[in-house]
S.K.: 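This is the structure I want to talk about, given as structure tokens.
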There are 2 protein chains.
Amino acid sequence: MEIMIDVDQVANLAQVSRATVSRAFTRPDLVNAKTRERVLEIANQLGYQPNQLASALRRGQSQSIGLIISDVLNPGNAMLVKGVQDAAAKRDYTVFMFNTDEDSDKERKALESLRSHMPQGLIIMPTAGAQENLSLVGNLPVIELDRASGIKGAHTVMVDNTGGSRIAVQHLTKLGHKRIGMVAGSLDISTAVERHAGYQQALAEAGIPYQANLVQIGNHREDGGRLAAQNLLSRPASERPTALFVGNNEMTIGAIFAARDLGLRIPEDLSIVGFDDSRWAKLLQPSITVVAQPAYELAYLACETLLDRLERGRTQKPIQIRLATNFIQRFSTAAPIEEEREKKKEKR
Amino acid sequence: MEIMIDVDQVANLAQVSRATVSRAFTRPDLVNAKTRERVLEIANQLGYQPNQLASALRRGQSQSIGLIISDVLNPGNAMLVKGVQDAAAKRDYTVFMFNTDEDSDKERKALESLRSHMPQGLIIMPTAGAQENLSLVGNLPVIELDRASGIKGAHTVMVDNTGGSRIAVQHLTKLGHKRIGMVAGSLDISTAVERHAGYQQALAEAGIPYQANLVQIGNHREDGGRLAAQNLLSRPASERPTALFVGNNEMTIGAIFAARDLGLRIPEDLSIVGFDDSRWAKLLQPSITVVAQPAYELAYLACETLLDRLERGRTQKPIQIRLATNFIQRFSTAAPIEEEREKKKEKR
DNA sequence: TAATGACTTGCAATCGTTTGCAGAGTATAC
DNA sequence: GTATACTCTGCAAACGATTGCAAGTCATTA
């Protein structure tokens, strides 16, 4: 990399000034067609590429954006990363990625670090403390991805969590389930709140009273889901939920393990619906019914929206996009056993 | 972000020169304790942070490294990303990540784009065309992660693919399998070659002749694995392998589907061992026996190695690190059925 | 008292681009 | 032939930090 060649070298060989070389790249219309060709030809031969750092410094535009995500290890988030990267690459932007691991402090550090790189915009999946942290970035254009920080007037690109959850739980009520448990995420995260709301709506619609003790909060990870599900499933059969709606992919794994630990068969003894699709949901036997999110599209769209905004200038109204979720019925749900018995009685 | 404050603003308020402010941050020993404190105090109040771009430009050191990986969506790769990021963050380096999707052209583009950001080093999971592409980066310090590009004298940090595969296949031969198939990756990738070599070694040790037609090449993805496995498993029972060793995680999924399609029970009719551990390998019933890779550690180590090299200067000899794999025996393998019969005969 | 040295600080050049301004050259209109 | 417009190019000043060099202060030493 010590062999970097700069404008001057190209300029010398092409017998023009530094300025002309620069313009040949950035304002082709301003330079004579012949000279431009000559310059580009020589630049190409030498393998010249404008130094982004210098260019960004001078223009005050870095041609890069920041991406702050909670954890790449979650396959759903990896999708988000990919979507953003692809959209950015398509328009020749570079992305700086940081992981917060759901930790507000790491988020603040990431923002500080990011700031000194002069990104032109930011896509963030905010942690619970984002509201405060985001003041650090001044008036940098920000798009909140997947969740909302709660900042008023923020631009957001999210899925319809409430609607998705509602359909999932409707599916369960239609099967005849009356005691439907939920393993919810921590309620300081907007997605968790919305999914919980969808659960409540579907219950209400089915005329089933909401029982707070059927909702357990997990920590968004496998162990949290397992604990929460254990709590719900180890109750005596008459109080035990016959179906479980789980608020994200990792916790669904925990819930499945909990069911297995207790010897509950899926779907005979317990119906399960999870939020987020995944490799294993398709692969398991029985495969798991889920609310799938268009994660890639979501992220791609968020990035495009951000870049549009950067290039077309500020918009007056906050952008707030919601993408629909996709309910995928597989084989982890069935009518509850009591229900079966009642049907048999009726037939006689 | 338009509210960026620069050295001069701090300098003015602190009644010192620009130079002193800069030195207060970068060479604290060179400035009087009292002034330094005053400067830092004021800088802190204003929320001043040195502009990385300007700093990098002037010093010729960007405090950043590049990371080029084939695809974040593969959970194994996501681990690599996390490992590199964590190691880099710990030492205040920023990482530029690019995906190649195993496409040589994208790799070249990534390298070009990277170059203009003046990274100080590069960690790359090379594609098949990397040997050529890497000439683009001049003498930038590079570490090859997970695979080798084939460039002589390159620095590499990889796992012991051959040894790991050998143990996996030994496990199968010890169970009594004679016809062991392999779904291998494309042989222009070093890991695929090495894993295939381990397979051959284990067969040789068990006195089983190598049969080329028991080895099918897949494309590293699920569909490729499925096709390859279908080919092997749809043969008449007398020619069909009783066990399968699959070269990576995605293809293992394909192989499992292929087995299911053909109504083969695991492990009764078919034993399976995969390379790479994963969520679903633990979760499936039966859970899948695998060769696990220390992906996070591998990446962390690769990044540390690179940064050490950057800070301590060039090393004379190429660094070549191999980490051991971990064989995890689960429930997807068993003795072949013929073997069982023979045992019963012996008992009489 | 003058000289030596240690310790601080500031000046100004520099990193590689971009770009406002002005000047040179050519073409068009009167 | 002169005025006007237009096209193209170069000069030199930025962008925001770092750093070699020189100069200033002060204490110590001969």
Side-chain angles (χ1 to χ4, degrees), chain A residues 1-40 42-43 46-64 92 113 115-120 138, chain B residues 1-40 42-43 46-64 92 94 115-120 138:
Chain A
M1 203 99 315
E2 285 141 29
I3 47 159
M4 279 293 273
I5 48 255
D6 59 16
V7 255
D8 287 328
Q9 307 193 35
V10 180
N12 283 339
L13 269 186
Q15 309 269 35
V16 292
S17 78
R18 199 200 339 289
T20 303
V21 174
S22 173
R23 279 193 277 254
F25 281 90
T26 56
R27 307 291 315 270
D29 51 310
L30 288 187
V31 16
N32 180 284
K34 264 191 191 150
T35 24
R36 170 159 35 92
E37 268 179 43
R38 182 157 39 92
V39 167
L40 293 182
I42 290 181
L46 296 183
Y48 167 74
Q49 268 193 304
N51 183 319
Q52 282 292 332
L53 264 49
S55 168
L57 178 60
R58 170 64 229 247
R59 295 186 312 155
Q61 309 198 41
S62 56
Q63 212 69 191
S64 71
D92 282 318
S113 173
R115 187 161 70 139
S116 61
H117 285 277
M118 301 179 75
Q120 297 188 240
Chain B
M1 203 98 317
E2 285 141 30
I3 48 159
M4 277 295 272
I5 50 253
D6 59 16
V7 256
D8 287 328
Q9 307 193 38
V10 180
N12 283 340
L13 270 187
Q15 309 269 34
V16 292
S17 77
R18 194 192 357 280
T20 303
V21 175
S22 173
R23 280 193 277 254
F25 280 90
T26 55
R27 306 290 315 271
D29 50 311
L30 288 187
V31 15
N32 181 283
K34 264 190 190 153
T35 21
R36 170 160 35 93
E37 267 179 43
R38 182 157 39 94
V39 168
L40 293 182
I42 290 181
L46 295 183
Y48 166 75
Q49 268 193 305
N51 182 320
Q52 281 292 330
L53 265 48
S55 169
L57 180 59
R58 170 64 228 247
R59 294 186 312 154
Q61 309 199 41
S62 56
Q63 213 70 191
S64 72
D92 283 316
T94 306
R115 190 162 65 138
S116 62
H117 285 278
M118 300 180 76
Q120 299 188 241

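Letters A, B, ... are given to chains in the order of the sequence lines, protein chains preceding strands, and every chain is numbered from 1. Heavy atoms only: backbone and side chains are in, while hydrogens, waters and symmetry mates are out.
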S.K.: Got a second to check how far B:Gln52's CD is from A:Arg115's CZ, nearest 0.5 Å?
M.R.: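 CZ of A:Arg115 is found 12.0 Å from CD of B:Gln52.
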S.K.: Round to the nearest Å and state the distance from A:Gln61 atom CD to C:dG16 atom P.
M.R.: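 Whole-Å distance recorded here is 22 Å.
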S.K.: Roughly, in whole Å, what's the span from CG in A:Asp6 to P in C:dG16?
M.R.: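 In whole Å, C:dG16 P and A:Asp6 CG are 6 Å from each other.
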S.K.: At the 4.0 Å heavy-atom cut-off to chain A, mark where contacts on DNA chain D begin and end, going 5' to 3'.
M.R.: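 The contacted stretch runs from D:dC8 to D:dG16.
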S.K.: Closer to the 5' end of DNA chain D via nearest nucleotide, is it B:Ala54 or B:Arg27?
M.R.: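 The residue whose closest nucleotide sits nearer the 5' end is B:Ala54.
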S.K.: Mind checking if B:Val21 touches a base, just sugar-phosphate, or nothing, with heavy atoms under 4.0 Å?
M.R.: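 Result for B:Val21 = nothing.
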S.K.: Base, sugar-phosphate, or nothing: which does A:Tyr48 touch, judged by heavy atoms less than 4.0 Å apart?
M.R.: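 Touches sugar-phosphate only.
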S.K.: How long is the line joining CZ of B:Arg18 and C1' of C:dA13, in whole Å?
M.R.: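 In whole Å, C:dA13 C1' and B:Arg18 CZ are 11 Å from each other.
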S.K.: Shortest non-hydrogen contact from B:Thr94 to A:Ser113?
M.R.: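 Nearest heavy atoms, B:Thr94 then A:Ser113: OG1-OG, 4.1 Å.
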S.K.: Evaluate the side-chain proximity of B:Gln9 to B:Asn12: yes if any heavy-atom separation is below 4.5 Å, no if none is.
M.R.: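 SC-SC contact between B:Asn12 and B:Gln9 ruled out.
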S.K.: Distance criterion of 3.5 Å, no angle test: do you see the side chain of A:Arg59 paired donor-to-acceptor with the base of C:dT18?
M.R.: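 Answer no: no donor N or O sits under 3.5 Å from an acceptor.
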S.K.: So does A:Ala11 get a backbone contact from the side chain of A:Asp8, meaning a donor-acceptor N/O pair under 3.5 Å?
M.R.: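 Answer holds: no.
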S.K.: To the nearest Å, how far apart are B:Leu57 CG and C:dA13 P?
M.R.: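 Rounded to whole Å, this separation is 17 Å.
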S.K.: Mind running side chain to side chain contact (heavy atoms under 4.5 Å, CB included) on A:Tyr48 and A:Val7 for me, showing each step along the way?
M.R.: CA-CA 8 Å; A:Tyr48 167 74; A:Val7 255; 3.5 Å; yes
S.K.: Please state how far atom CD in A:Gln63 lies from atom P in C:dG16, giving the value in whole angstrom units.
M.R.: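 Rounded to the whole Å, the gap is 21 Å.
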S.K.: So, the side chain of A:Arg36 versus the backbone of A:Pro28: is there a donor-acceptor pair under 3.5 Å, distance only?
M.R.: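 Pair found, side chain donor or acceptor close to backbone of A:Pro28.
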S.K.: Which heavy atom of B:Ile5 sits nearest to which heavy atom of B:Leu46, and what is that distance?
M.R.: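 That closest heavy-atom pairing would be CD1-O, 3.0 Å.
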S.K.: Rounded to the nearest Å, what distance is computed from the CG atom of residue A:Asn51 to the C1' atom of nucleotide C:dT14?
M.R.: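 Those two atoms, CG and C1', are 14 Å apart.
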S.K.: Any donor and acceptor pair, going by atom type alone, linking the side chain of A:Arg23 with main-chain N or O of A:Val31 inside 3.5 Å?
M.R.: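 No, because the side chain of A:Arg23 does not come within donor-acceptor range (under 3.5 Å) of the backbone of A:Val31.
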S.K.: Students often get this wrong, so: under 4.0 angstrom with heavy atoms, is A:Ser22 touching a base, only sugar-phosphate, or nothing?
M.R.: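 Touches a base.
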S.K.: Before giving the answer on side chain to side chain donor-acceptor pair (under 3.5 Å), spell out for B:Ser64 and B:His117 the whole-Å C-alpha distance, their side-chain angles and the decisive distance to 0.1 Å.
M.R.: CA-CA 9 Å; B:Ser64 72; B:His117 285 278; over 6 Å; no
S.K.: So, is B:Thr35 close to the C:dT9 phosphate, meaning a side-chain N or O under 4.0 Å from OP1 or OP2?
M.R.: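 For C:dT9, OP1/OP2 do have a side-chain N/O of B:Thr35 under 4.0 Å.
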S.K.: Taking all atoms of both residues into account, what is the closest heavy-atom pair of A:Ser116 and B:Asn51, and its distance?
M.R.: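 Of all heavy-atom pairs spanning A:Ser116 and B:Asn51, the closest is O-OD1, 3.7 Å.
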S.K.: Please determine if a side-chain N or O atom of B:Ser17 lies less than 4.0 Å away from the OP1 or OP2 oxygen of C:dG10.
M.R.: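 Checking B:Ser17 against C:dG10: at least one side-chain N or O falls below 4.0 Å of OP1 or OP2.
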S.K.: Using heavy atoms to find the nearest nucleotide of DNA chain C for A:Arg23 and A:Asp8 separately, return the residue whose nucleotide is more 5′.
M.R.: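 The 5'-side residue here is A:Asp8.
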S.K.: If the cut-off is 4.0 Å, is A:Ser55 near the phosphate of C:dT18, judged by side-chain N/O to OP1 or OP2?
M.R.: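 For C:dT18, OP1 or OP2 has a side-chain N or O of A:Ser55 closer than 4.0 Å.
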S.K.: Given atom NZ of B:Lys34 and atom P of C:dT8, what is their separation to the nearest angstrom?
M.R.: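 Those two atoms, NZ and P, are 12 Å apart.
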S.K.: Without decimals, in angstroms, what is the distance between B:Leu53 CG and C:dT17 C1'?
M.R.: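 After rounding, the reported distance stands at 12 Å.
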S.K.: Return the angle between end axes of the helix from C:dT1-D:dA30 to C:dC30-D:dG1, with five pairs used per end and rounding to 10°.
M.R.: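 What I find for the helix from C:dT1-D:dA30 to C:dC30-D:dG1 is an axis angle of 60°.
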